[in-house]
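Have a look at the structure below, then the notes.
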Amino acid sequence: MAYHVPPPAPSSNNHSRRQVMAAQQMILPASPSSSSLVQNLVNLAQQVAMCERSAVCQKRNGANISRIVKLLSPLLEEIRDSLHPLPPSAVMVLHELQLIMQRAKQLLDECRKKSCFCLLMRIIIISEEFYNLMKSLSQALESLPLELLELSDEIKEQVELVRMQVQRGQLYVDPVEEHLSEEVADMLQNLEREEIPDLSGLRKLFTMLHLNSSGDCEREMQKLEDELTIDSDNPENMVITSLISFVHYGKCVLYGVMQTEGSENSSREPGNSCVVDVGELSSSGRGGCSSSPPDEFRCPISLDLMSDPVIVASGHTYDRASITRWIDAGNQTCFKSGQKLSHLSLIPNYALRSLISQWCEDHHIPFDKQDKVSKKGSNMEHIATTKAALEATKVTASFLVGKLVTGSPEAQKQAAYELRLLAKCSMDNRMCIADAGAIPLLVSLLSSKDSKTQENAVTALLNLSIFDKNKVLIMAAEALDPIIEVLRSATSMEARENAAATLFSLSVVDDYKVQIGSKPMAINALVVLLRDGTPQRGKKDAATALLNLAVYHDNKPKIVSAGIVPIIISLLQDDEAEEIRDDILAVLALIAGCPDGLAAINIEATAIPVLVGLLRSGSSRGKENAIVVLHALCKSGGEEVLSSVLQVKVARPSLNFLLTVGTPRAKRRAISILKLLQRWEPVDYSTSSNVYTSIDMSTRL
């Protein structure tokens with residue numbers, strides 16, 4: 001493929017269209033006075049003249065526009081200081097100059113702040129932008145009625161000289177930058193042919209682009225990712241993904257990885273357990289800033305703020321685009337719960353969409369552009385991988401695996417960290433890493449005495465496990481026992497949490513639910529993490545892993561014997577554990593399906609009051625699971641349990657409330673409990689205020 005952005009087709013109206021587009025982008029005061037307009041121009045001219053220019057791209061064009069604007073500053077200052085009113089024709093020209101200078105400043109800022117690789121690949125387009133600005137400036141100066149302005153002869157002569165100089169200007173494409181652009185394109189094409197880039201040529205290129213360290217490359221990769229759009233059909237996206245993989249390869253082979261606390265934290269992404277495109281996959285959310293969206297507004301698959309939330313048969317909500325790709329890939333299970341979907345219909349979640357829209361409005365984020373708050377790298381999953389990007393990832397993975405095999409302990413730690421980052425996005429990346437033979441080597445690092453090495457290894461395995469074929473390879477590498485040991489005894493809480501999330505990811509496969517449950521320490525360690533883990537991450541990871549394991553019936557008694565029931569009852573009363581309430585209620589509902597579970601719940605003195613209280617609060621899913629547990633207790637516990645329920649003053653009102661707002665399943669359980677209570681202690685249901693008598697008997701079946 002050709003690695004450049006083609007220039008627009010020639011058109012006689014091209015220049016005027018650019019002016020219109022520029023005018024639409026600029027925010028001008030409504031009908032400014034002449035004096036304020038001129039003062040704005042003086043300030044703007046100073047900003048353009050002093051604007052810091054790019055050290056790599058468009059150096060000459062940027063210097064030219066800054067120099068020309070600086071030469072016009074005396075003109076603007078003399079107009080500002082004049083006591084004579086400005087004629088309308090001059091005001092119109094000054095408005096035009098304001099637009100031109102605003103666009104010049106914007107263009108200079110873009111050349112300084114944007115990805116140098118993207119600027120190189122767009123060298124013709126950007127050079128034309130500078131040229132068109134000069135043409136617009138020439139036309140504006142030609143239209144300026146100097147004879148109507150009270151200006152000194154010296155200023156008039158200078159303006160005329162500037163106009164003539166600008167008029168003689170030609171389109172300039174820097175030959176050095178053009179050569180660099182060609183070199184980049186050649187290297188990408190060589191990668192497509194599976195040719196490894198020459199190391200000396202690669203180093204020379206990165207040096208010329210001022211990419212002199214691992215940190216420089218990280219920042220360049222971030223700038224490239226910022227260029228990605230949510231439009232998967234945009235051809236620029238494919239070029240950018242190739243460049244990201246290319247820079248990543250150069251970073252690894254030239255500079256290695258500089259692992260710092262800051263870089264680790266920035267690579268950790270908020271999200272849900274076993275999710276695609278997350279730095280370290282987790283079942284919890286961690287917002288890094290005040291505008292980080294709530295977890296419930298993020299899609300569990302992409303971790304992006306949902307723009308079109310839909311409900312699947314399991315009751316979970318996803319963004320339509322993400323769950324559609326999941327289903328189109330041949331999956332017929334719920335991504336989050338692993339439950340087989342009874343149908344593949346997608347039901348719009350209008351209520352949640354309204355809440356997301358309101359949140360965006362409150363945080364001044366346009367609802368149609370909420371991808372701006374998504375995580376680093378999260379735009380890449382939906383973009384088709386190019387041949388160059390794939391080959392760059394392959395050689396990067398092979399290089400890092402080589403470090404795992406022959407490197408020093410420090411080099412192994414760094415390579416594991418780099419693999420952890422590489423595996424955070426794109427199924428192709430995860431496939432390439434596994435094909436390079438990384439999984440058995442990462443498993444061996446789980447027993448490392450270095451806590452960071454251990455943490456990097458388990459997190460890399462977690463990210464790799466998202467690719468279904470990698471689950472098989474991880475299990476074949478006998479990773480289960482080492483992962484459980486990390487979960488039990490790692491000194492890093494983050495390593496323990498990610499080990500729990502890895503068990504969740506693996507337990508999506510039914511056979512692995514059995515294997516994990518057969519390990520005596522696995523369930524015990526998850527229960528301990530549920531009790532001791534961090535509120536927003538560790539407890540969530542443990543809860544979702546236990547929920548998945550509890551789907552397999554033979555695991556339920558093991559979970560009960562690990563002492564989970566008193567922990568869940570305690571957490572249900574803890575306001576800090578509100579985020580995991582639905583998950584732990586779901587676990588409780590599952591283990592209530594076995595005698596040991598019911599017995600353990602029944603002996604908890606506060607269980608019934610807590611469950612009754614939850615019938616009026618929380619989500620529909622939470623209410624449903626609370627009534628399921630309460631119903632199981634009432635059915636099996638006899639008069640003692642029914643008496644305990646009646647001792648809770650709000651029991652009947654809460655049950656009647658659920659008949660109004662509950663799910664169909666919850667309503668059936670509520671009716672059944674009310675019947676049991678009526679048989680055990682008959683009450684008068686004839687009052688009009690009692691909701692129960694208003695229910696048609698056909699709905700009670």
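All residue numbers in this chain count up from 1 along the given sequence. When reading the values below, keep in mind they use all heavy atoms of this one structure, side chains included, and skip hydrogens, waters and symmetry mates.
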Item to check | Separation between CG of L526 and CG of L546, rounded to the nearest 0.5 Å | outcome: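 CG of L546 is found 4.5 Å from CG of L526.
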
Side-chain donor/acceptor of [X] to backbone N/O of [Y], under 3.5 Å:
X: K556; Y: C594; result: no
X: N456; Y: K413; result: yes
X: W326; Y: C334; result: no
X: D319; Y: C299; result: no
X: R353; Y: S307; result: yes
X: T544; Y: D541; result: yes
X: N463; Y: R420; result: yes
X: D596; Y: P557; result: no
X: N349; Y: I311; result: no
X: S570; Y: I567; result: no

Item to check | Derivation of the side chain to side chain donor-acceptor pair (under 3.5 Å) call for S465 and N470 | outcome: CA-CA 5 Å; S465 70; N470 286 349; over 6 Å; no

[X] with [Y]: basic N within carboxylate O range, under 4.0 Å:
X: E218; Y: K251; answer: yes
X: R621; Y: D583; answer: yes
X: K403; Y: E418; answer: no

Next on the checklist: With side chain to side chain donor-acceptor pair (under 3.5 Å) as the criterion, how do T396 and H248 come out once you've worked through the C-alpha distance, each side chain's angles and the decisive distance to 0.1 Å?
Outcome noted: CA-CA 8 Å; T396 304; H248 200 167; 5.9 Å; no

Pair up each side-chain donor or acceptor in residues 443-451 with any protein partner under 3.5 Å, not counting sequence neighbours, and list the distances.
unit_1	atom_1	unit_2	atom_2	d
S444	OG	L441	O	2.6
S447	OG	S444	O	3.0
S448	OG	D450	N	3.1
D450	OD2	K452	N	3.1
D450	OD2	T453	N	2.8
D450	OD2	T453	OG1	3.0

Next on the checklist: Taking the six-membered ring of F467 as reference, does the cationic atom of R430 (NZ for Lys, CZ for Arg) lie under 6.0 Å from its centre and within 45° of its axis?
Outcome noted: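 The answer is no, since R430 fails at least one limit relative to F467.
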
Next on the checklist: If you count heavy atoms of other groups shown closer than 6.0 angstrom to CD of Q515, is the number above 12?
Outcome noted: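 Counting neighbours around CD of Q515, more than 12 heavy atoms of other residues, nucleotides or ligands fall under 6.0 Å, so yes.
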
Item to check | Set of salt bridge (charged side-chain N to carboxylate O under 4.0 Å, His left out) partners for E485, sequence neighbours left out | outcome: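 In terms of salt bridge (charged side-chain N to carboxylate O under 4.0 Å, His left out), with neighbours along the sequence ignored, E485 is linked to R488.
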
